[in-house]
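Okay, structure first, notes after.
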Amino acid sequence: GENVEQHPSTLSVQEGDSAVIKCTYSDSASNYFPWYKQELGKGPQLIIDIRSNVGEKKDQRIAVTLNKTAKHFSLHITETQPEDSAVYFCAVSTIRGSQGNLIFGKGTKLSVKP
Amino acid sequence: GAGVSQSPSNKVTEKGKDVELRCDPISGHTALYWYRQSLGQGLEFLIYFQGNSAPDKSGLPSDRFSAERTGGSVSTLTIQRTQQEDSAVYLCASSLAGLAYEQYFGPGTRLTVT
């Protein structure tokens with residue numbers, strides 16, 4: 001089955017710096033790659049996603065890049081702010097018709113120091 | 001509008017007892033998912049309901065776990081004869097249609113088995 005590896009497990013940056021989180025996956029048929037942000041005591045919230053026909057997607061300070069050949073994708077956060085501090089999860093799905101489900105990485109705890 | 005709600009928010013139970021966890025999805029969302037999040041871990045898929053189709057139960061860890069979705073809306077996750085390893089946060093999510101759509105998560109139910 002699909003295996004998702006996420007690195008690093010913790011990341012500490014200074015406010016204003018960039019943060020990069022990377023995920024690798026094993027199933028070349030995977031075609032949907034969302035990123036979720038989870039704040040303490042809350043459920044995960046989708047922040048950005050990318051599909052396999054796109055190599056890069058950007059939304060303000062957040063971007064995701066996908067390399068299907070190497071089977072990895074990354075989350076980039078620029079100009080980090082203290083409110084970006086949270087746990088970030090990547091996920092992978094192989095959607096075939098109505099079948100498939102999200103396989104999550106183990107998460108990255110991001111701390112942004114003021 | 002209202003988001004996904006879950007109840008109870010916290011549940012402490014003795015080993016061997018049965019527990020029921022409830023999820024109210026966003027109105028109009030046809031897809032509903034249950035995940036389990038153990039301390040410091042990613043989200044583990046449990047079960048997926050889509051409309052009137054048979055649920056995808058491939059993630060349920062044992063036959064002590066079951067879930068129902070009545071009337072295409074509210075869902076109940078039941079754990080029978082709870083074990084200490086069942087202690088985790090149980091998250092419910094819903095989406096407009098199937099797996100390629102944004103999943104909205106509830107705040108979760110923290111289950112502690114003593």
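Here is the naming used below: chain letters follow the sequence lines, and residue numbers restart at 1 for every chain. Computation of the quantities below employed the complete heavy-atom set of this structure, encompassing side-chain atoms and omitting hydrogens, waters and symmetry-equivalent molecules.
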- Side chain / backbone / both / neither for Gln6(B) at chain A, heavy atoms under 4.5 Å: neither

- State yes or no: do Tyr90(B) and Val4(B) share one hydrophobic cluster built from I, L, V, M, F, W and Y residues joined by side-chain heavy-atom distances below 4.5 Å, directly or via other members? no

- Message: If you count heavy atoms of other groups shown closer than 6.0 angstrom to CD of Glu83(A), is the number above 12?
- Response: yes

- Query: Just how far is it from atom CD1 of Ile103(A) to atom CD of Glu44(B), taken to the nearest 0.5 Å?
  - Reply: 9.5 Å

- Message: Report which part of Leu91(B) has an atom under 4.5 Å of a heavy atom belonging to chain A: side chain, backbone, both, or neither.
- Response: side chain

- Over 12 non-hydrogen atoms of neighbours within 6.0 angstrom of NZ in Lys22(A): no

- Task: Scan Tyr33(B), Phe45(B), Tyr35(B) and name whichever one has a side-chain contact (heavy atoms from CB on, under 4.5 Å) with Leu102(A).
- Result: Tyr35(B)

- Does atom CD of Gln14(A) have more than 12 heavy-atom neighbours, drawn from other residues, nucleotides or ligands, at distances under 6.0 Å? yes

- Task: Against chain B, label Pro44(A) side chain, backbone, both or neither, depending on which of its atoms sit under 4.5 Å from a heavy atom there.
- Result: both

- May I ask you to check whether over 12 heavy atoms, not counting those of Gln83(B), lie within 6.0 Å of atom CD? yes

- Query: Where on Tyr104(B) is there a heavy atom nearer than 4.5 Å to chain A: the side chain, the backbone, both, or neither?
  - Reply: neither

- Can you get from Leu110(A) to Val20(A) by hopping between Ile, Leu, Val, Met, Phe, Trp and Tyr side chains that sit under 4.5 Å apart? no

- Measuring heavy-atom distances to chain B, does Gln38(A) have an atom under 4.5 Å in its side chain, in its backbone, in both, or in neither? side chain

